[in-house]
Amino acid sequence: MRNELLSIGEVSKMKNVGVKSLRYYERLGILPPAFVDPQSGYRYYSMNQMVDIDVITTCISLGIPLKELTDYLHPHSVLDIEPLLERGRGIAVQRLRAAQAALMQIDEGLEQIKVQNELKREAGPYCRELDEKLALMLPWEGEAFDAKRYVAAITSLYGQLDGLGLVPLFVQGMARFPDGAHAGWNVVVEVCEGEALCGAGGYAGSAKPRKGERLADCSVFENGAVLGVIPGGMFTESRIVEDGFTGCFETACAQVGEARVTLALEVWDAETHVESYVVELLERD
């Protein structure tokens, strides 16, 4: 039996865990040696404890405090691995969702920059086909644009995203609909549903979630915000560049056709002056 045990040095080398760390696990009571030589004090571990070390190092990588692992001990200081792994899985899924959400935001941002760089070389107005967009919207009271009210509305929308399981996609501005549930002007932030990023198995691969798939039911949320779909199709597009945020949107809103779906979206452009603003005006019958 003794010949089957591993010395602390052998375990350290096999699992790439420092001897000091193994001794610390022992002090916490989460990994007591299988045998301690009473004369030399050398510590030895059994092969079935190697799984415990794997679980412990996984918990460390997930940020679970080692001292909390003592809550998962059976009698005789044996780790109850199953509930501990369940906790670790929950943390890993949350991190995966956050990472996939960040990746989607980055990809959308890069795509927007690419499209805008191509469009600004053309003489407008021009045509652009858009897919439908899932957006969190806040109805706008009145027709006149006001920068302070707009910023307050955007802030309110972003403040609700986490609670609704939504991920912002770097597209925001104003949208006007001639009729329907969202008739009139709305402040909008394009989103996707966070739950679509991870399936039951905890990973959704590289498939992009469909917009408007589950939550787009016109439910009303805090401060009157509504989740809805901005219809896609072929839009006539022009770019408005002015030295002033309010003036830029006022110019865009003044050009709107009453019977058309209209989007006035903020555009980031590295070539514009810091005090200049760009609004992309899109209209569709």
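In this text the structure is predicted, and so the values were computed from the model without any measurement.
- The backbone N or O of E266 sits nowhere less than 3.5 Å from a side-chain atom of Q172 that would complete a donor-acceptor pair.
- T262 has its side chain within reach of W185: a pair of non-hydrogen atoms, C-beta onward, lies under 4.5 Å apart.
- In this structure, the side chain of T57 engages the main chain of I53 through a donor-acceptor pair within 3.5 Å.
- Judged by distance alone, with hydrogens and angles left aside, the side-chain atoms of S12 form a donor-acceptor pair with the main-chain N or O of V17 at under 3.5 Å.
- In terms of the ring-ring contact (aromatic ring centres under 6.0 Å, His included) criterion, Y72 has no residue partners (sequence neighbours excluded).
- Partners of F249 under the ring-ring contact (aromatic ring centres under 6.0 Å, His included) rule, at least two apart in sequence or in another chain, are F145, Y150, F245.
- Pairs passing the salt bridge (charged side-chain N to carboxylate O under 4.0 Å, His left out) check and including a residue from residues 24-34, sequence neighbours excluded, read E26-R43.
- Inter-residue side-chain proximity for L227 and L164 is flagged as unmet; no heavy-atom pair is nearer than 4.5 Å.
- No side-chain N or O of S46 forms a donor-acceptor pair with one of E4 less than 3.5 Å apart.
- In this view, A92 and L62 satisfy the side chain to side chain contact (heavy atoms under 4.5 Å, CB included) rule, not counting sequence neighbours.
- Inter-residue side-chain proximity for P33 and Y45 is flagged as met; some heavy-atom pair is nearer than 4.5 Å.
- Applying the salt bridge (charged side-chain N to carboxylate O under 4.0 Å, His left out) test to residues at least two apart or on different chains, the pairs with a partner in residues 49-71 are K15-D54, E68-R87.
- Here L110 is tied into one hydrophobic group with I106, each link being a pair of ILVMFWY side chains closer than 4.5 Å.
- A heavy-atom distance below 4.5 Å is not found between the side chains of P168 and E190.
- Following chains of ILVMFWY side-chain contacts shorter than 4.5 Å, one can reach V11 starting from I60, so the two form part of one hydrophobic cluster.
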